[in-house]
Colleague: 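Quick one: this structure, given as structure tokens, is what I'll be asking you about.
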Amino acid sequence: MEINHNNLLPIGVFDSGIGGLSVLKQLVRFLPQENYIYLGDTARVPYGNKSPEIVKQYAAECTDFLVSKQVKLIIAACNTVSSVALDVVSKHANNLPVIGMIEPASSAALRESSNGRIGIIGTRATISSKAYENEITKLSGNKNLKVFSKPCPLFVPIVEEGMMKHPSTKLIATDYVRDMIDAHVDTLVLGCTHYPLLSQLLQEIMPEVTLIDSGEHASVTALRILAEARQLQEQRKEFIEKPNVKFYVTDLPANFAAQANMFLGFESDKPELISL
Ligand code: DGL
């Protein structure tokens, strides 16, 4: 049998900052044996309240960097990038497969929803782009659907400050999702890298609602794409104690290690500082 050396190449993941580590956490859950390169554009985060034009420019630079590192697959872990700049990522990806957050989470939401009332929360840029709404409408055909969207700009700083359990966070979150509760949504897409860290709280506020973690569903898509292309890393079969990830950042925040740990659930190696 011929060995496809492509299998050994890393999976490239990028995000506006450290939030994409919630996606990386899901990737190593489904694909623990793979090698990863993670790029966090920490110098320019957040992307979520920037214009589509500037996000496209940043996304192109992040993609070029990952391509230069010879990855076999590119994951745009940032929902904002996936919403407004996935075409740019694909254009710069040098024919490599690209996975964004929107399509996998949209199809999962459609599968999960019984009453066709789906909620989407994300950054301002993600919600104004209507990327989720359009994708869900496209995938559903003519089904009688209703999508309710809400930007939740305070969630990113709340999570980065580790305030998930703070009493004020519950008040803010309840206010954000009130209209969706009133509208009887039965499925809520967590359309931002940071929101899975708030899933416990959101589930408390909306106990009957199914939460969709975009990183989880993108990881299942990555597994399927690599399996179909026979590009899974199958050499490393031994017990994986620590995922093999090389981290790059465009700025080194003082609390990187603690924040990375919070998103990943395991200790990360020190990142390498680069400029794009
Ligand atoms: N990573 C972004 C997203 O998923 C959130 C942080 C930011 O605004 O850059 O939309």
Side-chain angles (χ1 to χ4, degrees), residues 12-27 38-63 66 74-86 88-89 98-106 108-109 119-133 135 149-164 172-173 176 188-199 202 211-219 247-251 253 255-256 259-260 262-264 276:
V13 184
F14 79 93
D15 177 50
S16 54
I18 47 153
L21 295 175
S22 70
V23 178
L24 183 63
K25 182 181 180 179
Q26 295 293 339
L27 283 163
Y38 180 91
L39 166 64
D41 191 6
T42 43
R44 302 189 291 199
V45 70
Y47 286 7
N49 43 30
K50 297 203 165 68
S51 67
E53 291 67 35
I54 206 80
V55 174
K56 280 174 196 279
Q57 182 198 315
Y58 293 170
E61 290 168 8
C62 291
T63 309
L66 289 179
I74 292 182
I75 310 223
C78 181
N79 276 263
T80 302
V81 167
S82 304
S83 297
V84 305
L86 203 62
V88 173
V89 177
V98 169
I99 299 176
M101 298 296 111
I102 311 302
E103 197 276 335
S106 299
I120 312 289
I121 52 175
T123 62
R124 283 192 202 286
T126 295
I127 299 303
S128 345
S129 76
K130 296 199 187 310
Y132 272 110
E133 239 169 291
E135 187 68 25
S149 305
K150 179 86 180 173
C152 303
L154 291 172
F155 278 171
V156 166
I158 283 174
V159 169
E160 293 199 357
E161 290 302 320
M163 287 174 61
M164 286 79 79
I172 292 166
Y176 276 153
L188 178 68
V189 177
L190 307 178
C192 172
T193 47
H194 290 57
Y195 300 0
L197 282 85
L198 289 165
S199 41
L202 288 165
L211 302 181
I212 304 292
D213 179 330
S214 43
E216 179 182 347
H217 296 283
S219 302
F247 294 96
Y248 294 91
V249 288
T250 50
D251 184 29
N255 52 355
F256 177 86
Q259 285 198 329
M262 178 174 84
F263 278 94
L264 274 177
L276 292 173

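Keep in mind it's a predicted model, so treat the numbers as computed, not measured. Counting starts at 1 for both ligands and their atoms, following the listed order. Side chains are part of it too, since the values below use all heavy atoms of this structure and drop only hydrogens, waters and symmetry mates.
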Colleague: Checking the side chain of Gln259 only, and the main-chain atoms of Glu160 only, is there a donor and an acceptor separated by less than 3.5 Å?
Modeller: yes
Colleague: Heavy atom under 4.0 Å from ligand 1: found in Thr123's side chain, backbone, both, or neither?
Modeller: side chain
Colleague: For the pair Tyr38 (side chain) and Gly20 (backbone), establish whether a donor and an acceptor sit closer than 3.5 Å, ignoring hydrogens and angles.
Modeller: yes
Colleague: Quick one: look up the protein heavy atom nearest atom 10 (O) of ligand 1 and list residue, atom name and how far away it is.
Modeller: Thr80 OG1, 2.6 Å
Colleague: Passes side chain to side chain contact (heavy atoms under 4.5 Å, CB included), Thr80 versus Ser16? Steps please.
Modeller: CA-CA 9 Å; Thr80 302; Ser16 54; over 6 Å; no
Colleague: Report, in ascending order of atom number, the atoms of ligand 1 lying under 4.0 Å from any heavy atom of Val45.
Modeller: 9 (O)
Colleague: Is there a nitrogen or oxygen of His194 sitting under 3.5 Å from a nitrogen or oxygen of ligand 1?
Modeller: no
Colleague: Run the numbers on Thr63 and Val98 for side chain to side chain contact (heavy atoms under 4.5 Å, CB included), then give the verdict.
Modeller: CA-CA 10 Å; Thr63 309; Val98 169; 6.0 Å; no
Colleague: Near Tyr47, which atoms of ligand 1 are under 4.0 Å from a heavy atom of that residue?
Modeller: 7 (C), 8 (O), 9 (O)
Colleague: Are any of the N or O atoms of Asn49 closer than 3.5 Å to those of ligand 1?
Modeller: no
Colleague: Taking all atoms of both residues into account, what is the closest heavy-atom pair of Ile212 and His217, and its distance?
Modeller: CG2-CD2, 3.6 Å
Colleague: Is there a donor-acceptor pair closer than 3.5 Å between any side-chain N or O of Thr42 and the backbone N or O of Gly17?
Modeller: no
Colleague: For atom 6 (C) of ligand 1, what's the nearest protein heavy atom and its distance?
Modeller: Ser16 OG, 3.7 Å
Colleague: Which one holds for Thr193 and ligand 1: side chain close, backbone close, both close, or neither close, with close meaning a heavy atom under 4.0 Å?
Modeller: both
Colleague: Who's closest to atom 8 (O) of ligand 1 heavy-atom-wise, of Gly48, Ser82, Gly17?
Modeller: Gly48
Colleague: Answer with side chain, backbone, both or neither: which part of Asp15 has a heavy atom less than 4.0 angstrom from an atom of ligand 1?
Modeller: side chain
Colleague: Does ligand 1 have an atom that lies less than 4.0 angstrom from a heavy atom of Cys192?
Modeller: yes
Colleague: Side chains of Asp41 and Tyr47: any donor to acceptor distance under 3.5 Å?
Modeller: yes
Colleague: Would a distance-only check, ignoring hydrogens and angles, find a side-chain to backbone donor-acceptor pair under 3.5 Å from Ser214 to Ala105?
Modeller: no
